[in-house]
Amino acid sequence: MQRSRVRNGSVVQDKRDKVWRFYFWKDGKRHSTKLGRFSSKTAAIQASEKLREELRNSGPAQSAAPSVAKLIEGYRAEKMPKRYSSWRSYDVWLRLYIEPCWGNSPIMDLQARPVELWLLSLDLSPRSRSSIRFIVGLLWDFAMWRGDVPTARNPMSLVTIPGASKRTRKPRSLTVEEFHRLLHHMEDPFRTMALTCVCFGLRISEALGLKWSDIDWLNNALRIQRGIVRQRVDETKTEYSERAMPIDAEMLETLKRWRQSTQFRAAEDWVFASPVQVGRLPYSADSLNDAYKKAGVTSGVGHVSTHTMRHTYRSWLDAVGTPIAVQQKLMRHADIRTTMNVYGDVVTDEMSRAHSKVVALALNGTGSARKPS
């Protein structure tokens with residue numbers, strides 16, 4: 001009852017002059033407004049409705065709105081993504097951009113126009129600005145979810161970032177000839193890592209997260225079960241990333257040869273375990289990037305990144321005539337809304353044939369491959 005009076009105010013008649021007054025709390029202090037003389041309390045309450053509405057609209061929800069810094073603190077504790085790679089990117093935008101500029105401001109100050117003008121003033125790519133807008137939108141959602149502000153349309157939905165959907169640099173795919181030139185200047189384990197990435201279209205975090213137990217040697221299959229980001233074991237990017245992958249016989253032999261070469265061969269060892277870490281962790285993504293950079297220079301191929309192999313895999317699937325539905329399964333993408341998702345982890349003949357053709361390109365430069373056994 002007391003909370004209701006604080007939030008909605010109360011109507012009381014002064015016994016001395018018979019005047020009705022409206023009492024309310026604001027900024028921690030009690031205030032009153034004269035309503036006038038009325039024949040009944042009901043009439044006085046009706047006369048106070050406009051004041052009550054103003055009180056509700058400008059009361060605790062807005063005046064008590066937390067600062068952005070306090071909101072970020074709560075968001076980190078309750079809603080921050082658990083997956084490390086996502087957590088890390090969110091942390092960068094919050095720590096380096098949002099909190100330094102807006103930390104002392106109440107969340108209500110982050111309206112569409114000032115935020116849009118601020119984002120456009122940043123010396124960042126449109127996609128980076130769009131990422132910051134997305135995080136600010138999450139803070140607004142969190143404030144509404146927690147009840148700090150009234151539930152309403154998120155003002156970040158009104159912010160537009162020109163060119164946010166366009167890439168500033170076109171992703172590179174290697175030709176078969178370029179890949180073989182690059183491979184010629186790489187040594188193991190980085191040579192086998194490059195082959196693994198280009199033959200399965202793996203993200204570097206997924207390639208580094210492979211264990212020997214993930215390979216089904218009898219059924220020629222590979223399951224992606226984890227990723228490693230900045231030497232931290234993490235979940236895969238999406239549930240679709242964990243699908244079973246077919247392994248061509250030639251690629252299986254390549255992995256067997258590497259297993260015979262490495263000192264870390266146990267089922268629970270990392271496929272690309274680092275001797276420097278005594279096998280406790282695999283090689284780092286930076287190590288592979290350095291190997292790509294060196295090989296790219298000496299081979300004349302130029303700049304190659306860890307994600308180049310995934311783009312190359314997608315291009316080669318196109319080149320060997322793989323149907324788009326099969327590509328979606330092999331790339332383990334979640335956003336093509338087709339019935340392909342219904343079939344779960346079943347490895348189809350089409351997937352095996354497409355994979356074998358890509359392996360043939362990677363190992364011997366031809367697109368011909370044997371029929372899967």
Side-chain angles (χ1 to χ4, degrees), residues 166-167 169-184 186 191-204 206-207 210 214-216 219-224 236-255 292 299 301-373:
K166 296 180 181 178
R167 291 181 179 268
R169 184 171 61 184
K170 185 178 179 181
R172 184 180 185 188
S173 296
L174 300 179
T175 65
V176 175
E177 188 268 338
E178 286 174 332
F179 177 75
H180 281 278
R181 276 166 49 201
L182 186 78
L183 211 61
H184 182 71
M186 297 181 74
R191 184 180 186 279
T192 302
M193 290 167 72
L195 279 168
T196 302
C197 287
V198 85
C199 288
F200 296 101
L202 299 185
R203 304 171 180 92
I204 184 58
E206 296 166 343
L210 289 175
D214 298 331
I215 302 174
D216 185 341
N219 296 308
N220 291 26
L222 173 71
R223 182 176 290 279
I224 314 302
T236 55
K237 187 173 182 179
T238 69
E239 60 178 299
Y240 298 98
S241 299
E242 298 184 10
R243 287 183 169 181
M245 304 280 287
I247 306 180
D248 178 79
E250 286 189 67
M251 189 60 205
L252 201 64
E253 286 301 317
T254 299
L255 291 171
Y292 280 149
S299 66
V301 170
H303 175 74
V304 176
S305 70
T306 53
H307 214 58
T308 299
M309 298 304 154
R310 186 162 167 81
H311 287 296
T312 299
Y313 178 67
R314 172 70 168 80
S315 297
W316 289 6
L317 286 174
D318 264 340
V320 297
T322 309
I324 189 63
V326 178
Q327 290 190 38
Q328 184 263 333
K329 276 183 169 285
L330 288 170
M331 292 291 292
R332 294 164 295 118
H333 280 152
D335 14 39
I336 299 180
R337 299 174 215 175
T338 67
T339 53
M340 288 292 111
N341 290 334
V342 175
Y343 297 96
D345 287 340
V346 176
V347 176
T348 66
D349 288 344
E350 290 85 354
M351 291 170 66
S352 296
R353 282 194 290 271
H355 166 68
S356 293
K357 289 178 181 179
V358 170
V359 170
L361 290 173
L363 294 178
N364 53 47
T366 69
S368 58
R370 301 181 309 278
K371 292 182 179 180
S373 56

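Computed from a predicted structure; not experimentally measured.
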Looking at every heavy atom in both [X] and [Y], which two are closest together, and how far apart are they?
{"X": "M251", "Y": "L363", "value": "N-CD1, 4.2 Å"}
{"X": "A362", "Y": "H180", "value": "O-CE1, 2.9 Å"}
{"X": "T196", "Y": "L210", "value": "CG2-CD1, 4.0 Å"}
{"X": "S356", "Y": "D248", "value": "OG-OD1, 2.7 Å"}
{"X": "R310", "Y": "L202", "value": "CB-O, 4.2 Å"}
{"X": "L183", "Y": "A194", "value": "CD1-CB, 4.0 Å"}

Is [Y] close to [X] at the side-chain level, that is, under 4.5 Å between some pair of heavy atoms?
{"X": "D318", "Y": "R314", "answer": "yes"}
{"X": "D214", "Y": "L222", "answer": "yes"}
{"X": "W316", "Y": "K357", "answer": "no"}
{"X": "L182", "Y": "Y292", "answer": "yes"}

- Task: Using atom types as modelled and distance alone, determine if a side-chain donor or acceptor of T312 lies under 3.5 Å from a backbone N or O of V198.
- Result: no
- Report yes if the distance between the aromatic ring centroids of H355 and F200 is under 6.0 Å, otherwise no. yes
- Message: Going by side chain to side chain contact (heavy atoms under 4.5 Å, CB included), M309 matches just one of V304, I204, L195. Which one?
- Response: V304
